[in-house]
Amino acid sequence: MTLPQETIRRKRDGAALAEAEIASFIAGLTDGSVTEGQAAAFAMAVFFRGLSLPERVALTRAMTGSGTVLAWDLPGPVLDKHSTGGIGDTVSLALAPMVAACGGYVPMISGRGLGHTGGTLDKLASIPGYDVAPGLERFQDVTRAVGCAIIGQTGDLAPADRRLYAIRDVTGTVESLDLITASILSKKLAAGLGGLVMDVKAGSGAFMTDLGAARALAESIVTVANGAGLPTRALITDMDAPLASAAGNALEVAYAIDYLTGRRREPRFHAVTLALAAEMLVLAGLCADRDEAARRLEQALASGRAAEVFARMVARLGGPADLLEGCERHLPRAPVIREVRAEGAVHAVATREIGLAVIGLGGGRTRPQDGIDPAVGVTDLARPGDASGLLGIVHARDEASAETAEAALRAAYGLGPERAGERERPAVLERVG
């Protein structure tokens, strides 16, 4: 056994860690013999010194093996998608039932909010009665019966990652390419997947703000995953503006329901969701190419099958059986709603600042043990080129927090005269793998 402080010191000084050293540290993280302070120091050392490919693989394997590794016996391919996080990134709630409606099985292990980004787990937790942490047997039963189940990371699957994940959130080490790679893949390998599609965000609201860094992360994940026997592809998608026009937990659930039922289908959100889901169907051999996959997914939406799968998943995991029809009755609502208006066309969005404004409203955490307010956030967010005068609508617990959020929202938008022909970047920037 290697002492945790010696492992930290060696990585701090730039040494390459042996597989046994990494395994020993992760075992201590799992059984509690490694303290929170030591875990934070290790994360910071990795952040500054980095890991080689063999170290990255060893860390991923150690975290995967820290708990149960699932095995599936299903009549279709077991697939998943994972996003590196962004603002208004509600894709998982729509994508999982869409893929399930096309013959895939999606056992999705989601995370809570990390840094300035929202988490799928926190969004689902805003649904009354929804069990975000069922036992593995119930998780498997719902996946088998419905086609998908989106839950939080349980104590059985990659428990070492669950502990390190919470520490990274509050120690400024979220952006580490090495830790992101190991964190994502340890959960996915433990879930027993047959295929994975990554959504790596690039832009002002992403952890990887520039395209080169996003490409490096995508290549790291694809290389490590394929080397570990998990077929994986990645899309690099734009996060220079919020993906959905809503940011906040219950607000994003309502947005996803509107999307699935056809009440609201914004073009960029639809483009990213469709592209990721199509990659999953092609990767699994359910469709011959992306065009065929896109047609099948559009049919799943138009027929109502995808919305039905979502409704069944919610009900089987303890949520309201009539959530699609009674969304406004069931989801929490903030008492203070305030429009934020300004003259001029939107030329740029400091997207990360919008995420921080949601945290300031109480919709995210500054410490791992913090609770969150599921009702708060912002809707109707303006996009680049928008000259309507509405920047967004703040949903707040009280007038004071609404005023603070309004100021943050105004500061996040760069405004000026309208420019003919001004366009956003494409929604999907690159494919990797």
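These numbers come from the heavy atoms of this one structure, side chains and all, not from hydrogens, waters or symmetry mates. Keep in mind the model is a prediction, meaning the values are calculated, not measured.
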(request) May I ask you to say whether Glu279 pairs ionically with Arg431, meaning some side-chain N is under 4.0 Å from a carboxylate O? (result) yes

(request) Taking the side chain as every heavy atom from C-beta outward, state whether Leu323 and Ile127 have any atom pair closer than 4.5 Å. (result) yes

(message) Using the rule side-chain hydrogen bond (donor to acceptor under 3.5 Å, both in side chains), only one of Thr232, Thr60, Asp80, Thr64 pairs with Lys188; which is it?
(response) Asp80

(message) I'd like to check Glu36 versus Ile167 (side-chain heavy atoms, cut-off strictly below 4.5 Å). Are they in contact?
(response) yes

(message) So, taking the atom named CG in Leu243 and the one named CG in Leu381, what distance separates them when rounded to the nearest 0.5 Å?
(response) 11.5 Å

(message) Go through it in stages, so that I can follow the logic: the residues are Ser204 and Met239, the test is side-chain contact (heavy atoms from CB on, under 4.5 Å), and I'd like the CA-CA distance, side-chain angles, deciding distance and then a yes or no.
(response) CA-CA 6 Å; Ser204 63; Met239 189 42 69; over 6 Å; no

(request) Kindly check if the number of other-residue, nucleotide or ligand heavy atoms within 6.0 Å of CG (Asp73) is above 12? (result) no

(request) With rounding to the nearest 0.5 Å, note down the distance linking CD in Glu266 to CZ in Arg383. (result) 7.5 Å

(message) Treating Arg296 as the side-chain partner and Leu286 as the backbone partner, does any N or O pair qualify as donor plus acceptor under 3.5 Å?
(response) yes

(message) Once salt bridge (Lys or Arg N to Asp or Glu O under 4.0 Å) is applied, what residue pairs with a partner in residues 201-220 remain, sequence neighbours excluded?
(response) Asp199-Lys201, Arg215-Glu430

(message) Counting C-beta onward and ignoring hydrogens, is there a side-chain heavy-atom pair between Leu193 and Pro107 closer than 4.5 Å?
(response) yes

(message) Donor-acceptor check, side chain of Glu292 to backbone of Ala288, threshold 3.5 angstrom: yes or no?
(response) yes

(request) Give, for atom CG of Leu124 and atom CE of Met313, the distance between the pair rounded to the nearest 0.5 Å. (result) 6.0 Å

(message) Donor-acceptor pair, distance only, cut-off 3.5 Å: does the side chain of Arg138 make one with the backbone of Arg316?
(response) yes

(message) Minimum heavy-atom separation for Met108 and Ala96, please, with both atom names.
(response) CE-CB, 4.2 Å

(request) In sequence, state the C-alpha distance, the side-chain angles, and the governing distance for Ile151 and Ser110, and then conclude on side-chain contact (heavy atoms from CB on, under 4.5 Å). (result) CA-CA 6 Å; Ile151 68 165; Ser110 62; 5.9 Å; no

(request) Would you confirm whether Asn249, through its side chain, and Gly363, through its main-chain N or O, come within 3.5 Å as a donor-acceptor pair? (result) yes

(message) Using every non-hydrogen atom in the two residues, find where Pro97 and Ser92 come nearest and quote the distance to one decimal.
(response) CD-O, 4.2 Å

(message) I'd like to know whether Arg264 forms a salt bridge (charged side-chain N to carboxylate O under 4.0 Å, His left out) with Asp258, so could you lay out the CA-CA distance, the side-chain angles of the two residues, the decisive distance to 0.1 Å, and finally the verdict.
(response) CA-CA 5 Å; Arg264 186 180 205 182; Asp258 283 348; 5.4 Å; no

(message) Listing request: all salt bridge (Lys or Arg N to Asp or Glu O under 4.0 Å) pairs with a residue in residues 3-27, at least two apart in sequence or in separate chains.
(response) Glu6-Arg9, Arg9-Asp13, Arg10-Glu21, Lys11-Glu55

(message) I'd like to know if the side chain of Thr351 and the backbone of Asp240 have a donor-acceptor N/O pair within less than 3.5 Å.
(response) yes

(message) Can you confirm whether Arg56 sits close enough to Thr223 that some side-chain heavy atom of one is under 4.5 Å from a side-chain heavy atom of the other?
(response) no

(request) Please round to the nearest 0.5 Å and tell me the distance separating atom CG of Leu217 and atom CD1 of Ile180. (result) 5.5 Å

(request) Might you point out which heavy atoms bring Asn226 and Pro231 nearest each other, and give the distance in Å? (result) OD1-CA, 3.3 Å

(request) For the residue pair Leu251 and Val376, establish whether any side-chain heavy-atom pair is separated by less than 4.5 Å. (result) no

(message) Restricting to non-hydrogen atoms, name the atom on Leu95 and the atom on Ala277 that form the minimum distance, rounded to 0.1 Å.
(response) CD1-N, 3.6 Å

(request) Using modelled atom types only, decide if a donor and an acceptor are shared between the side chain of Trp72 and the backbone of Arg144 within a distance under 3.5 Å. (result) no

(message) Between Thr30 (side chain only) and Ile26 (backbone N and O only), is there a donor and an acceptor less than 3.5 Å apart?
(response) yes

(message) Looking at Ala382, is its backbone amide N or carbonyl O close enough to the side chain of Tyr413 to form a donor-acceptor pair, meaning the two atoms are under 3.5 Å apart?
(response) yes

(message) Under a 3.5 Å distance rule, please check whether Arg163 uses its side chain to pair with a backbone N or O of Leu29 as donor and acceptor.
(response) yes

(message) Within the structure provided, determine whether Phe25 and Thr2 are in side-chain contact (heavy-atom separation under 4.5 Å).
(response) no

(message) Would you compute the distance between atom CG of Leu324 and atom CZ of Phe310 and round it to the nearest 0.5 angstrom?
(response) 7.0 Å

(message) Whether the Ser220 and Thr181 side chains hold a donor-acceptor pair (N or O, under 3.5 Å, no angle test) is what I'd like checked.
(response) yes

(request) Quick one: pull up CG in Leu157 and OG in Ser66 and give me the separation to the nearest 0.5 Å. (result) 9.0 Å

(request) Using the side-chain contact (heavy atoms from CB on, under 4.5 Å) rule, take Cys102 and Leu297 through it: C-alpha gap first, then chi angles, then the decisive distance, then the call. (result) CA-CA 7 Å; Cys102 293; Leu297 290 160; 3.8 Å; yes

(message) Could you check whether Glu298 and His270, counting side-chain N and O atoms only, form a donor-acceptor pair closer than 3.5 Å?
(response) yes

(request) Identify the two heavy atoms, one from Arg312 and one from Ala145, that lie closest to each other, and give their separation to 0.1 Å. (result) NH2-O, 2.9 Å

(request) Using modelled atom types only, decide if a donor and an acceptor are shared between the side chain of Lys123 and the backbone of Gly119 within a distance under 3.5 Å. (result) no

(request) State plainly whether the residues Asp161 and Arg61 are in salt-bridge range, i.e. N to O under 4.0 Å. (result) no

(request) Check Val349 against Ile354 and note the closest heavy-atom contact, atom names and distance. (result) CG1-CD1, 3.7 Å

(request) Using a cut-off of 6.0 Å, state whether more than 12 heavy atoms not belonging to Arg265 lie near its atom CZ. (result) yes

(request) Apply ring-ring contact (aromatic ring centres under 6.0 Å, His included) to Tyr105 and list each qualifying residue two or more places apart in sequence or on a separate chain. (result) none

(message) Is any side-chain heavy atom of Ile257 closer than 4.5 Å to one of Arg263?
(response) yes

(message) Are the side chains of Leu301 and Tyr259 in contact, using a 4.5 Å heavy-atom criterion?
(response) yes

(request) Might you work through the side-chain contact (heavy atoms from CB on, under 4.5 Å) test for Lys81 and Ser83, ending with a clear yes or no? (result) CA-CA 7 Å; Lys81 158 262 168 195; Ser83 169; 3.7 Å; yes

